[in-house]
Amino acid sequence: MNANGAAHRLSPLLERMLGGPPPAFGGRYPLPVRLRAWDGSEAGPGDAPVVVLRTRRALRRLMWQPGELGLAEAYITKDIDVDGDLADGLRTVWRAVRDRRLRPPRLSPSERLRALVTLVGLGAAGPPPPAPALRARQTGRLHSKARDRAAVSHHYDFSNDFYALFLDESMAYSCGYWRRPDDPAYSLADAQHDKLELICRKLDLRPGARLLDVGCGWGSLTLHAARHHKAHVTAVTLAREQAAAVTRRVREEGLEELVDVQLKDYRDIEPGTYDAVSAIEMGEHVGDAEYPAFASSLRSMLRPRGRLLVQQMSRGRAAPGGGAFIETYIAPDMHMRPLGETVSLLEEAGLEVRAVESLREDYIRTIAAWHRTLEERRTEVAALVGEEAARVWRLYMVGGMLAFEERRMGVDQILAVRPDEDGRSGLTGGGL
Ligand SMILES: C[S@@+](CC[C@H](N)C(=O)[O-])C[C@H]1O[C@@H](n2cnc3c(N)ncnc32)[C@H](O)[C@@H]1O
């Protein structure tokens with residue numbers, strides 16, 4: 001073993017930089033992971049997940065951009081890696097942050113100087129490396145129509161072929177409803193079908209009913225409602241590639257009489273009196289200040305006693321966005337809030353909330369299924385979108401799974417009605 005190897009020189013430095021406040025009886029918390037450096041040297045606990053610093057450039061990234069984004073970018077560019085299961089590695093780091101055994105880097109001026117000397121000694125000091133080209137660049141006023149269009153385009157116009165590689169055949173890009181999770185023959189496609197059916201039942205869709213599907217994605221609910229329930233659907237998306245795909249699918253299935261696809265912002269939807277409105281994992285894009293007006297416009301689109309189904313992710317008030325990595329590489333400008341606050345906002349808009357159902361565990365299963373397929377098809381994925389994008393998506397999937405597993409995020413279906421002026425809801429009480 002090389003006791004003078006890079007890992008041995010880095011380990012105490014990182015412990016000093018990142019270690020939480022010392023435990024009651026002195027000493028420092030050891031790093032929660034084992035380090036393996038580019039020269040093959042290793043340091044740290046023997047039974048911990050192994051973080052591999054493949055290059056000296058990894059240190060430059062972390063030095064110039066400490067924290068979540070620097071770490072993520074070092075992973076994306078393959079400067080660092082996790083040996084074995086990425087979820088184990090992230091889970092370990094996340095728990096150490098949660099338990100304050102790790103903290104954001106903080107150094108006194110003299111420690112900073114010593115850190116620099118160590119890095120120079122390792123040949124790892126230098127200017128900041130360029131960021132990966134996949135970064136989203138957001139300009140303009142937050143949630144202006146132009147900025148929202150750009151944010152939506154960054155994520156959803158990325159590549160229809162790529163999404164088709166890992167979504168099930170319905171192309172649902174939202175949490176499924178796993179009715180029989182213990183049945184090995186029960187698949188993601190079954191869970192998405194059961195989710196779509198559940199939504200149609202909650203919305204009481206009957207032949208001829210008029211549904212407005214706001215944020216229709218690649219058309220999973222739109223097509224299901226038209227195909228199986230003979231509903232007339234107005235399907236709205238802000239993503240050009242999605243609108244083109246839904247239009248093509250509608251034509252292929254001969255559903256032109258039932259479906260009208262509109263490429264537009266929800267703020268530009270023509271007034272209507274729909275029997276039902278759905279917003280399936282679209283509200284996360286709306287923004288905090290804009291949500292009351294969004295909720296009002298959903299209500300205004302309903303006829304009296306019409307029903308609304310919102311499926312939406314939730315998150316603690318202290319961390320309403322997706323975090324630095326997701327904001328920069330996946331979906332900029334997302335805003336989530338605790339479930340109860342969304343319920344209040346819908347009620348303040350004049351809607352009556354009738355039922356709330358949590359699907360948190362279902363999202364762990366849904367993302368696990370997407371992730372499994374992306375891993376099984378990793379060669380095709382890399383050929384289609386490139387190795388860096390494949391690594392962005394691996395990080396996104398694994399990080400998302402952990403967030404739902406550890407209850408940092410939730411996802412819920414909220415059923416609401418627009419009562420008529422005499423207060424009648426059209427529902428008869430319990431039981432949907
Ligand atoms: C996560 S996808 C959900 C897709 C679909 N509902 C499903 O379950 O598969 C979010 C959708 O919201 C749409 N969206 C986001 N912001 C929007 C806006 N300002 N106006 C209209 N649609 C928007 C996106 O275009 C995308 O179709």
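As the structure lists them, so they are numbered: ligands from 1, and atoms in each ligand from 1. Quick note: numbers below take in every heavy atom, side chains included, and nothing from hydrogens, waters or symmetry partners.
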Indicate every side-chain donor-acceptor pair of residues 218-225 with a distance under 3.5 Å to a residue at least two apart or in another chain.
from: Trp218; atom 1: NE1; to: Asn160; atom 2: OD1; distance (Å): 2.8
from: Thr222; atom 1: OG1; to: Asp213; atom 2: OD2; distance (Å): 2.8
from: His224; atom 1: NE2; to: Glu197; atom 2: OE1; distance (Å): 2.6

Would you say the rings of Trp370 and Tyr396 are close, in the sense that their centroids are separated by under 6.0 Å?
no
Tyr186 six-ring centre to Arg365 NZ/CZ under 6.0 Å and within 45° of normal
no
Mind checking what makes side chain to side chain donor-acceptor pair (under 3.5 Å) contact with Arg56, not counting sequence neighbours?
none
Return the OG to CZ distance between Ser278 and Arg307, rounded to the nearest 0.5 Å.
14.0 Å
For ligand 1, output the ligand-protein N/O contacts shorter than 3.5 angstrom; if there are none, return none.
from: ligand 1; atom 1: 6 (N); to: Gly215; atom 2: O; distance (Å): 2.7
from: ligand 1; atom 1: 6 (N); to: Ile280; atom 2: O; distance (Å): 2.9
from: ligand 1; atom 1: 8 (O); to: Ser174; atom 2: OG; distance (Å): 2.6
from: ligand 1; atom 1: 9 (O); to: Tyr173; atom 2: N; distance (Å): 2.8
from: ligand 1; atom 1: 19 (N); to: Asp265; atom 2: OD2; distance (Å): 3.4
from: ligand 1; atom 1: 20 (N); to: Tyr266; atom 2: N; distance (Å): 3.0
from: ligand 1; atom 1: 25 (O); to: Thr237; atom 2: OG1; distance (Å): 2.9
from: ligand 1; atom 1: 25 (O); to: Leu238; atom 2: N; distance (Å): 3.4
from: ligand 1; atom 1: 25 (O); to: Gln242; atom 2: OE1; distance (Å): 3.3
from: ligand 1; atom 1: 27 (O); to: Gly217; atom 2: N; distance (Å): 3.0
from: ligand 1; atom 1: 27 (O); to: Thr237; atom 2: OG1; distance (Å): 3.4
from: ligand 1; atom 1: 27 (O); to: Gln242; atom 2: OE1; distance (Å): 2.6

Side-chain donor-acceptor pairs under 3.5 Å in residues 325-332, sequence neighbours left out?
from: Glu327; atom 1: OE1; to: Asp333; atom 2: N; distance (Å): 3.1
from: Glu327; atom 1: OE2; to: Gly322; atom 2: N; distance (Å): 3.2
from: Thr328; atom 1: OG1; to: Ala324; atom 2: O; distance (Å): 2.6
from: Tyr329; atom 1: OH; to: Glu73; atom 2: OE2; distance (Å): 2.4

